[in-house]
Amino acid sequence: MLTHKTKVDGQDVEIHVVQTEDDLDMFSEFIASNIGQLSVDSETTGLDIYSSRFKIRLVQFGHATEAWVVPVELGGAFEDIVIWALLTVKKLILQNAAYDLQVFDQTLGVKQEELWPKVTDTKILAHLIDPRPLRDGGVGHSLVDLTRFHIDAEIADNVKGLMKKLAHDEGSTVANIWKKVALDNEDYTLYAGMDVILTSRLLRKLKPLVPADSKKLVRYEHEVAEVCSYMVRTGFLLDVPYSEQLSQDLKYEEQAAAKIAFDFGCESVNSPIEVHKVLDAYGVKVTAETPTGKPKIDDDLLRKLAAEGSEFAQAVVDAKKAGKWRKTWVDTFIKTADSERRCHASINPLAARTARMSITGIPAQTLPAGDSKIRKCFLAEPGHSIVSVDYQAQELRVLAHLSGDRNMIKAFADGEDLHLITARAAFGEHVQKGDKERDIGKVVNFARVYGGGAAVVAKQTGIDLVTAKKVVDGFDKAFPEVKVYSSELQKEGLRKGFITTPTGRRVPVDPAKSYAALNYIVQSTARDVTAAALLRLHEAKVTPFLRLPIHDEVLLSVPTERADAAAAKVAEIMTVKMGKVTLEAEGKVGGNSWGSLYEEEKE
DNA sequence: CAGGTTAGCACC
DNA sequence: AAACGGTGCTAACCTG
């Protein structure tokens, strides 16, 4: 057995590294004498839990002054004892539990279901204390960032530097070192052991910092994380032959368009500098600028030029689009699919400042919605249909409730068309459903939720600034209490530096952007409506059918013969009353692919 | 040259 | 008086 002795925050700490089976007796004594609570972490070959090459290497247990590192990669007794320890310790502390619990599930066969009820996740606590990432003025949520702020900056840098140094020593990179490094490497085991010691210390520091209002969110967020983690484990079935064909078709499209652009003298369509060079040579003046003052070459400009007959601009648009669709979507799906053709998107249930979720790996929140091509890559299970259940005008209904605006509440209660109301307040009572004035009303309704004004509306709709102002005023006239509520909220944000949502969540408000307070509370409350719905669906045993949450929507795969009934049932479970406003969910039943819900957009 | 930043584009 | 909120990913570009 190897023992590292070092100091954290001025205190002596010991990290014991199990090397032979003889060391396991002492390890199990450590577990037995700390059976109430320990922090846990694992080291693995990478982050691709569901790939066939993925392996677990080390598992670490520890408290504030002592850690044990077990080389589970060796299997046998090392693996057995770790499984026993995971199941035996009564409370487990982890930093980003969803990751390690999926690792244990996949590699050791310890089901997540066994462990979630006894987990405390320091990352969840950190987010409830301050949801901002480093770049937005927060302290970050990674173990290193949290250690730097709450424990000791030097230790944080040392730990971070350890793997960097190791990668350098071995002639590798930080991303690749994890699978290569020797299991008993001293830097590696020191790093591994330090992680659990720091996690234990973090829990102590973070617990008292969770605001009193947010305390009730602690359990709730662990449960949301749990349900999301099950969805990730299930994965989404990929139509591999279709995806491969689509990838080829897109590649062909991209190359054909890029060839045309090349013949105009543009070597790379993705380089704004290159594209500008060609446009400039043809006498096109670009007036719009990027934030750093360079000519702005975007889709808006290129489409305008294409519409005026520019073959070059059209080619650039086509090549860029085909390239993005292939590289960002289709090829990523094919690459990440496991041996059973399933894609496991990774869901971060608590991501944004507002607590909105984010989905990475397969960026499922951002697949093109105007064309079914990309979403057709994903399939319901054999014999199943895709079902989507989404909240109707979720954020506007949340706004109606929060602001208490009588007109808005009444409009929703009577089933009236909110976009029409805004349009009529601006343009007069003659506006009808199909009119373009109603579309402008819709843009204004959303812009108001986002904190946008007349300039934004003008740009988005193409109408002039004066008319845009008129419609924005129309909104304020139609729903006067929204403005009152917004300014009260701004004041609160400026006074306290944060606002508190109805669930008790603190959302920091930047003094230079106090107008964003309204959007924050609406977005965050809407997120909690969907998150709470996930918990009710889990309670109702729907989880095995869930595929993904997408903001105001939940996506499922359900047996085809029961699809209509299931969609109705899920909608019923999701629908909820908020004061005088009903947050109504509506189910849609599709065919075998996700894309089937996006075909032949009518109207 | 790895890793960070910028620009652009996909969504709610 | 006005104020566009939140995300992820890629290629190109920049920097230590």
Side-chain angles (χ1 to χ4, degrees), chain A residues 131-133 135-136 164 167-168 172-176 267-276 288-303 316-317 319-321 323-329 331-332 345-348 351-371 374-375 390-391 393-396 399 443-444 446-460 465 468-469 472-473 476 483 486-487 490 507 509-510 512-524 526-527 530 548-553 598:
Chain A
R132 295 170 299 174
R135 62 173 185 282
D136 288 341
K164 221 171 172 170
H168 188 259
S172 183
T173 63
V174 177
N176 289 322
E267 293 202 25
S268 171
V269 294
N270 287 314
S271 165
I273 297 168
E274 281 274 312
V275 175
H276 179 247
E289 286 183 357
T290 68
T292 53
K294 286 174 215 146
K296 192 170 173 66
I297 310 291
D298 62 4
D299 207 46
D300 274 356
L301 171 75
L302 292 169
R303 277 182 192 283
V316 173
V317 168
K320 280 172 79 168
K321 184 174 167 180
K324 179 173 172 74
W325 284 31
R326 180 172 66 85
K327 283 173 282 208
T328 306
W329 320 126
D331 284 359
T332 315
S346 131
I347 303 172
N348 178 355
R353 173 192 296 239
T354 57
R356 254 199 183 186
M357 301 183 185
S358 82
I359 303 184
T360 54
I362 50 172
Q365 290 168 324
T366 59
L367 306 194
D371 188 320
I374 301 292
R375 289 176 201 241
D390 68 339
Y391 284 102
Q394 190 191 38
E395 292 200 336
L396 282 169
L399 175 62
V443 171
V444 172
F446 282 114
R448 286 321 254 170
V449 176
Y450 291 156
V456 170
V457 173
K459 193 174 185 314
Q460 241 178 55
L465 199 61
K469 220 167 154 20
V472 170
D473 289 344
D476 295 341
K483 207 173 179 174
S486 176
S487 63
Q490 281 191 54
V507 185
V509 175
D510 184 343
K513 271 168 89 171
S514 68
Y515 63 86
L518 180 74
N519 177 258
Y520 289 164
I521 203 162
V522 169
Q523 190 181 104
S524 190
R527 179 274 186 189
T530 306
L548 290 169
I550 302 176
H551 302 308
D552 61 345
E553 174 191 6
Y598 290 77

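Residue numbers start from 1 in every chain, and the chains themselves are labelled A, B, ... in the order their sequence lines are given, proteins ahead of strands. The structure presented is a predicted model; accordingly, all values stated were derived computationally and were not measured.
Between A/R353 atom CZ and B/dC12 atom P there is a gap of 23 Å when expressed in whole angstrom units. Between the CG atom of A/D371 and the C1' atom of B/dA10 there is a distance of 13 Å, given to the nearest Å. Atom pair A/N519:CG and C/dC4:C1' shows a separation of 8 Å (rounding to whole Å applied). The nearest whole Å value for the distance from the NE2 atom in A/H276 to the C1' atom in C/dC13 is 17 Å. A straight line from NZ of A/K513 to P of C/dA1 spans 23 Å, rounded to a whole angstrom. One atom, CD1 of A/I550, and another, P of B/dC12, lie 8 Å apart when rounded to the nearest Å. The distance between atom CG of A/L399 and atom P of C/dC4, rounded to the nearest whole Å, is 18 Å. A/Q365 places its CD atom 8 Å from the C1' atom of B/dC11, with the value rounded to the nearest Å.
Closest contact between the side chain of A/Q490 and the listed nucleotides C/dG8, C/dA3, B/dC11 involves C/dA3. Looking at the side chain of A/T366, the nearest of the listed nucleotides B/dA10, B/dA7, C/dA12 is B/dA10. Distance from the side chain of A/K321 is smallest for B/dA10 among the nucleotides B/dA10, C/dG8, C/dG5. For A/H551, the side-chain atoms get nearest to C/dG6 when compared with the rest of B/dG8, C/dC9, C/dG6. Closest contact between the side chain of A/Y515 and the listed nucleotides B/dC11, C/dA3, C/dG6 involves C/dA3. Closest to the side chain of A/K469, out of C/dA1, C/dG5, B/dA10, is C/dA1. The side chain of A/K324 lies closest to C/dC9 when the candidates are B/dC12, C/dC9, C/dA12. Among the nucleotides C/dA1, C/dG8, C/dG5, the one closest to the side chain of A/R356 is C/dG5. The side chain of A/P368 approaches B/dA10 more closely than any other nucleotide in the set C/dG6, B/dG8, B/dA10. When distances are taken from the side chain of A/K296 to each of C/dC9, B/dG8, C/dG5, the shortest belongs to B/dG8.
In this structure, A/T354 reaches neither bases nor backbone, as no heavy-atom distance under 4.0 Å exists between it and the strands shown. When heavy atoms are screened at a 4.0 angstrom cut-off, A/E289 is found touching no nucleic acid atom at all. No contact: A/L518 has no heavy atom under 4.0 Å from any strand. Residue contacts for A/K459: at a heavy-atom cut-off of 4.0 Å it reaches no nucleic acid atom on any strand shown. The residue A/S268 sits close only to the backbone: its heavy atoms come under 4.0 Å of sugar-phosphate atoms, none of a base. Residue A/K327 is in sugar-phosphate contact alone, with no base atom involved, counting any heavy-atom pair closer than 4.0 Å across all strands shown. As judged by a 4.0 angstrom heavy-atom cut-off over every strand, A/I374 is placed among residues making no nucleic acid contact. Residue A/A352 is classed as a sugar-phosphate contact, given heavy-atom separations below 4.0 Å to backbone atoms only. In this structure, A/E395 reaches neither bases nor backbone, as no heavy-atom distance under 4.0 Å exists between it and the strands shown. Using a 4.0 Å heavy-atom criterion, one finds that A/A455 contacts the sugar-phosphate atoms exclusively. Across all strands shown, A/F446 has no heavy atoms under 4.0 Å from either base or sugar-phosphate atoms. Here A/G293 lies out of heavy-atom contact (under 4.0 Å) with every strand.
Remark: A/P363 pairs with A/W329, A/T366 by the side-chain contact (heavy atoms from CB on, under 4.5 Å) rule, at least two apart or across chains.
Listed here is the closest heavy atom pair of A/N270 and A/K320: OD1-CG, 3.6 Å. In plain terms, the two heavy atoms of A/I297 and A/P272 that are nearest each other are CG1-O, 3.7 Å. The minimum heavy-atom distance linking A/V472 with A/G453 is given by the pair CG2-C, 4.2 Å. Minimum heavy-atom separation, A/V507 to A/S524: CG2-OG, 4.1 Å. Heavy atoms only, all atoms of each residue included: A/V509 and A/S514 are closest at CG1-CA, 3.8 Å.
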Collect all protein-nucleotide pairs involving nucleotides 14-16 of chain C in which both atoms are nitrogen or oxygen and the distance is under 3.5 Å.
none

Item to check | From CA spacing to verdict: salt bridge (charged side-chain N to carboxylate O under 4.0 Å, His left out), A/K459, A/D300 | outcome: CA-CA 11 Å; A/K459 193 174 185 314; A/D300 274 356; 3.6 Å; yes
Next on the checklist: Assess the residue pair A/D299 and A/R303 against the criterion (salt bridge (charged side-chain N to carboxylate O under 4.0 Å, His left out)); give the C-alpha distance rounded to whole Å, side-chain angles, the decisive distance to 0.1 Å, and a yes or no.
Outcome noted: CA-CA 6 Å; A/D299 207 46; A/R303 277 182 192 283; 2.7 Å; yes
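Close to B/dT6, at under 4.0 Å from its OP1 or OP2, lies no side-chain N or O of A/T292. Taking side-chain N and O atoms only, A/T290 has a distance below 4.0 Å to OP1 or OP2 of B/dA7. Remark: A/W325 is in phosphate contact with B/dA10, judged by side-chain N or O atoms under 4.0 Å from OP1 or OP2.
The residues A/R356 and A/E395 are annotated as salt-bridged, a charged nitrogen and a carboxylate oxygen being separated by less than 4.0 angstrom.
For the residue pair A/T530/A/Q394, the side-chain donor-acceptor check at 3.5 Å is satisfied.
Nucleotides of DNA chain C nearest to A/Q523 and A/A454 differ in position, and the one nearer the 5' end is that of A/A454.
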